[in-house]
Every structure is written in structure tokens, then in C-alpha cells.
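Below: one structure, written as C-alpha cells.
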There are 2 protein chains.
Amino acid sequence: MDRDVEILQALGDPTRLRLLNLLEQAREICVCELVDALQVPQYKASRHLQVLTNAGWLEDHRRGKWVYYRISTRLRPFQHDLLRAIGRLREGREDFRQDEARAGRRLMLRRDGLCCVGLVSKIGAATVPTSRQAQAQETR
Amino acid sequence: MDRDVEILQALGDPTRLRLLNLLEQAREICVCELVDALQVPQYKASRHLQVLTNAGWLEDHRRGKWVYYRISTRLRPFQHDLLRAIGRLREGREDFRQDEARAGRRLMLRRDGLCCVGLVSKIGAATVPTSRQAQAQETR
DNA sequence: CTCTCACATGCGCGATTATGCATATGGCCA
DNA sequence: TGGCCATATGCATAATCGCGCATGTGAGAG
């Protein structure tokens, strides 16, 4: 298959754009954090992360029970230009702003720079639903 | 619909990439010239040109029997970055190079900077098939 | 070992998309 | 006006895509 086209096709979806936007600004984010930030069902985030990874946009690695995603360290120059273009959308897109706000709140709850859903439930932060609860909230 | 996504989706097709690549390098090109350069059936070029136009990538205008397309003069900064990214693909893609070679030969046949298929047939240039002949050659 | 939690994925469905054929449109010319 | 040429488009079909549901997988905790 045409690799370049695959890379570009991966950008043609709002959910994937939102994922890329967040991941471009943070060093790495785990799936449950992304699910909370985007407020989408877990399987949906996972599927789109898969597409981005297969297209060469992302790398993932496991740490304990959590899987962290980050922008690939092996992007081609071509892709860096594309990322810059997407960055230009940041001010104009309401969804990006909201994602960033939620992600910011979520990432503040990390301990030692790591995702910590377990701690969240102990803190009892009702404002930070677990991925499963977020999944149930998702109606569309 | 999400306009940004529509713009990006338009890039996720090899034929459309080839059209954009040519149009980025020439001031304007008419449909029959594009058909010869890409060696695709006329209806295929026309359809993809429609998609690009609807997404805000191209503008078209009629001159006599011919319709000329060019890169829109109202691109957003966002889109200029995207074009630059596509330009980076130029050296690596064999299809781009061949398109450009064929387009170069074809555009040399212009008179007064205008497409002139009629003249081509009078010249009898067998190396430059008309769009209808190119259509018949197309097998896939 | 078993239970739980985070994440991935097989499957079916409805929607969208690309393609090819045939034909319509619209301008030019005789 | 009729015919030709460049281009666009209606239609049917096959392929692809995103979604949702359900379930599978794999790691850590008790």
C-alpha cells in the first residue's frame, strides 16, 4: 500500500486529530488518560490509536498495566510539517481546547509522572471518572 | 461537517495527491492536460478534482471549452503547511516524477499559454494521446 | 491461582467512498 | 441549427471505514 497516503489518511478523522493534538503536547499519555480527555469510549480510543500507530504516527509501550502512547521518535520530515499544520488548528478548535483542559486536570493527578487511576478512585474525585464510567456516559 | 477534517481527508488518496502535486507547480492546468499527465480516465480526474475543490483546495474557471484548475488563492495558513509537506514527497515518489515529466511535455504544446488539444491532433504527436485515447489505454 | 483492571480486538452493521459505464451539459464551430 | 469536443455527473457496485457490543488478553494484587 502507498505509505504516504496511509499517513495522510490517518489524519482524516476528528478523533485521531484530537489524539495527535494531545500527544504532540505531552511527552506521553496512557490510554485511560486519553479516554478521559476526549470523553470517548475506551474501545474507540484504542482503535484510533491503533490506526495512528500502524500509519507510523505513534509508538506505544507498556508500563505495568498501563500502555503509554507518544508521537513516534522516527517521524519523517514530511510528517513534522504535517504536525506543524495540525498545530495551527489549535487556536481555532473548541474541541482541542476542551481536550487540553481535561487532559491538564487529569495529568495533574499523576504520581511520579505516571498515570494512576487507582489513586484517583481512592481520592474519590468524582470529576475524574474512570474509563469505564466515561464509557457508560458516552451516548452518541 | 468538520471542515478541517474534510481538508485532510481530501489528501488521503493517491490520485488527488498527484493532482495537487502538479497543480502546485504550474500556475494552472486544464482537465485534459491533467488527464494526460496522470494517465487516468477523464471521469476519474474530474471526480477527484471535484473533491479537492469542495474541500477548498482548488479553484476552477472556464475558458472556452476548457476548464482550468489551480490551487485556491484562499488557502488557510494551515493548508500552506500541508502543501509544503506534500512538496517534501516530491523526490521520493516515482509517480510524481513521471507525472511531472508527462505534464512538462504536454504543457510545452500550449499556444499563448493555453491548452490546445486541437493543435496536438494536427501536429499528429503520437506520443501525446488525447484524453479519450488515454482513457482507452487505462486498464486497471 | 484467581480476581480485577487496563487495554485490545473479533464481529456485524450502517454509512461513506472509489470506480466504471453511460450519458448529460455546455461551449465552439461549420 | 446540428455536430463535435471537453468536462461533469447519475447510477450501480464493490470496497472501505467508523461504530458499538461483546469478549479476549495480559499484567498486577491478594
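Below, chain A is the first sequence line, B the second, and so on; all start at residue 1.
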For the side chain of [X], counting heavy atoms from C-beta on, which of [options] is nearest?
X	options	value
Tyr69(A)	dA8(C), dT9(D), dT7(D)	dA8(C)
Lys44(A)	dC7(C), dC19(D), dT7(D)	dC19(D)
Gln42(B)	dC7(C), dA8(D), dG27(C)	dA8(D)

Could you tell me whether a side-chain N or O of [X] sits under 3.5 Å from a main-chain N or O of [Y], the two making a donor and an acceptor?
X	Y	result
Arg18(B)	Leu38(B)	yes
Gln25(B)	Leu22(B)	no
Gln39(B)	Asp36(B)	no

Task: Whole-Å distance separating the CH2 atom of Trp66(A) from the C1' atom of dA8(C) - done: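 That distance rounds to 17 Å.
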Is there a side-chain polar atom (N or O) of [X] under 4.0 Å from OP1 or OP2 of [N]?
X	N	result
Gln50(A)	dT9(C)	yes
Lys65(A)	dG28(D)	no
His48(A)	dC19(D)	yes

Look at [X] together with [Y] and state whether they make a salt bridge at an N to O cut-off of under 4.0 Å.
X	Y	answer
Asp4(A)	Arg76(A)	yes
Arg105(A)	Glu33(A)	no
Arg93(A)	Asp2(B)	yes

Between the protein and nucleotides 10-16 of chain C, list every N/O to N/O distance that falls short of 3.5 Å.
from: dG10(C); atom 1: N7; to: Arg47(A); atom 2: NH2; distance (Å): 2.7
from: dG10(C); atom 1: O6; to: Arg47(A); atom 2: NH1; distance (Å): 3.3
from: dG10(C); atom 1: O6; to: Arg47(A); atom 2: NH2; distance (Å): 3.1

Open item on the list: Please determine whether side chain to side chain donor-acceptor pair (under 3.5 Å) holds for the pair Glu100(B) and Asn21(B), giving the CA-CA distance in whole Å, both sets of side-chain angles, and the decisive distance to 0.1 Å.
Closed with: CA-CA 9 Å; Glu100(B) 291 161 23; Asn21(B) 177 54; 2.9 Å; yes
Task: DNA chain D: 5'-proximal contact among Thr15(A) and Asp60(B) (nearest heavy atom) - done: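 Taking each residue's closest nucleotide, the earlier one in sequence belongs to Asp60(B).
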TODO: Measure across Leu8(A) and Leu11(B) and return the closest heavy-atom pair with its distance rounded to 0.1 Å.
DONE: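 Shortest heavy-atom contact: CD1-O, 3.6 Å.
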For nucleotides 15-17 of chain D, give me every protein contact, N/O to N/O, under 3.5 Å, one pair per line with atom names.
none

